[in-house]
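Notes to accompany the following structure.
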Amino acid sequence: MSDHTLASPEITFAHEPGTGTKKIWHVFWILSAITIVELSLGFGLAKQWYGNPEDHVQGILFIKGTICILSLAKAFYIVSVFMHLGDEIRNLIMTIVVPLCLFIWFITAFLIDGNSWKDLRNRYEGGKPKTEQVLPAQQQGAKD
């Protein structure tokens, strides 16, 4: 046997701390700020702040839309930084983003179509518009 196989020193490398934590902390603070805004808007939808929801429909819809947009911004940052998609080439990004947008569009279209079908079904019964039935007791009460 040769001496170099028995007497070879062990090769080790010491772990050096990463230097790229500045970007992660920057994204952390952005995500924290967006989350705090989302939570404050979400808790703001309580009756104590806006009162009766029927009186403030447009404002409540605006706040819900804002929360959805902020959630999409958080998803963008998470995918871009922590999943490293922001560093990829444009074709790979489009390969992921375009089907995602189509999927979201399909869900929205199906919800809108389903709601329209439900409204039409509730409005018409057997090809005739639904009418409210007036009971005889109600007719007598109206005459008095």
Side-chain angles (χ1 to χ4, degrees), residues 4-5 7-144:
H4 65 71
T5 57
S8 65
E10 182 178 337
I11 300 173
T12 59
F13 295 99
H15 175 72
E16 296 180 19
T19 58
T21 58
K22 182 178 180 180
K23 185 176 182 181
I24 293 174
W25 280 108
H26 180 72
V27 172
F28 169 76
W29 289 115
I30 289 173
L31 293 176
S32 297
I34 291 173
T35 302
I36 290 170
V37 170
E38 280 180 335
L39 288 173
S40 64
L41 288 174
F43 286 132
L45 290 176
K47 281 189 173 184
Q48 292 83 6
W49 286 16
Y50 292 108
N52 191 6
E54 288 85 20
D55 297 337
H56 304 284
V57 174
Q58 296 297 326
I60 290 174
L61 286 177
F62 175 75
I63 290 173
K64 287 181 179 181
T66 304
I67 291 173
C68 289
I69 291 169
L70 291 173
S71 296
L72 288 174
K74 282 185 358 182
F76 166 76
Y77 272 102
I78 290 169
V79 169
S80 176
V81 175
F82 296 116
M83 297 175 76
H84 306 289
L85 191 60
D87 300 329
E88 297 295 335
I89 60 174
R90 187 171 186 267
N91 288 339
L92 179 62
I93 294 171
M94 288 299 127
T95 303
I96 295 170
V97 170
V98 170
L100 177 65
C101 291
L102 287 173
F103 185 68
I104 292 170
W105 178 73
F106 286 147
I107 290 174
T108 305
F110 287 137
L111 288 174
I112 292 170
D113 187 50
N115 190 35
S116 171
W117 184 81
K118 179 190 71 156
D119 290 342
L120 287 173
R121 184 171 182 200
N122 288 339
R123 191 175 304 149
Y124 298 102
E125 182 180 344
K128 299 178 184 175
K130 283 187 179 180
T131 57
E132 294 184 25
Q133 295 179 353
V134 179
L135 299 174
Q138 291 176 341
Q139 288 176 349
Q140 290 177 356
K143 290 179 184 178
D144 293 336

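Each residue takes its place number in the sequence, starting with 1. Note that the structure is predicted; figures quoted are calculated from it, not measured.
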Practice task
Report, as yes or no, whether the 6.0 Å neighbourhood of atom CZ on F82 holds more than 12 heavy atoms from other residues, nucleotides or ligands.
Solution key: yes
Taken to the nearest 0.5 Å, the spacing of R90 CZ from T95 OG1 works out to 10.5 Å
The reported gap from CD1 in I78 to CD1 in I30 (rounded to nearest 0.5 angstrom) is 12.0 Å
What one should report as the nearest heavy-atom pair of V37 and L70 is CG1-CD1, 3.7 Å
So the salt bridge (charged side-chain N to carboxylate O under 4.0 Å, His left out) pairs with at least one residue in residues 31-43 (sequence neighbours excluded) are E38-K74
Rounding to 0.5 Å, atoms CD1 (I93) and OG (S80) come to a distance of 7.5 Å
field: Whether T66 side chain and F62 backbone form a donor-acceptor pair below 3.5 Å
entry: yes
Applying side chain to side chain contact (heavy atoms under 4.5 Å, CB included) to I104 and not counting sequence neighbours gives L100, T108
Interatomic distance, CG@L92 vs CE@M94, rounded to 0.5 Å, equals 10.0 Å
Contacts satisfying salt bridge (charged side-chain N to carboxylate O under 4.0 Å, His left out) that involve residues 100-118 (not counting sequence neighbours) are none
*With a 4.5 Å limit on heavy-atom distance, are the side chains of I96 and V79 in contact?*
no
Rounded to the nearest 0.5 Å, the CG atom of N115 sits from the CG atom of L120 at a distance of 9.5 Å
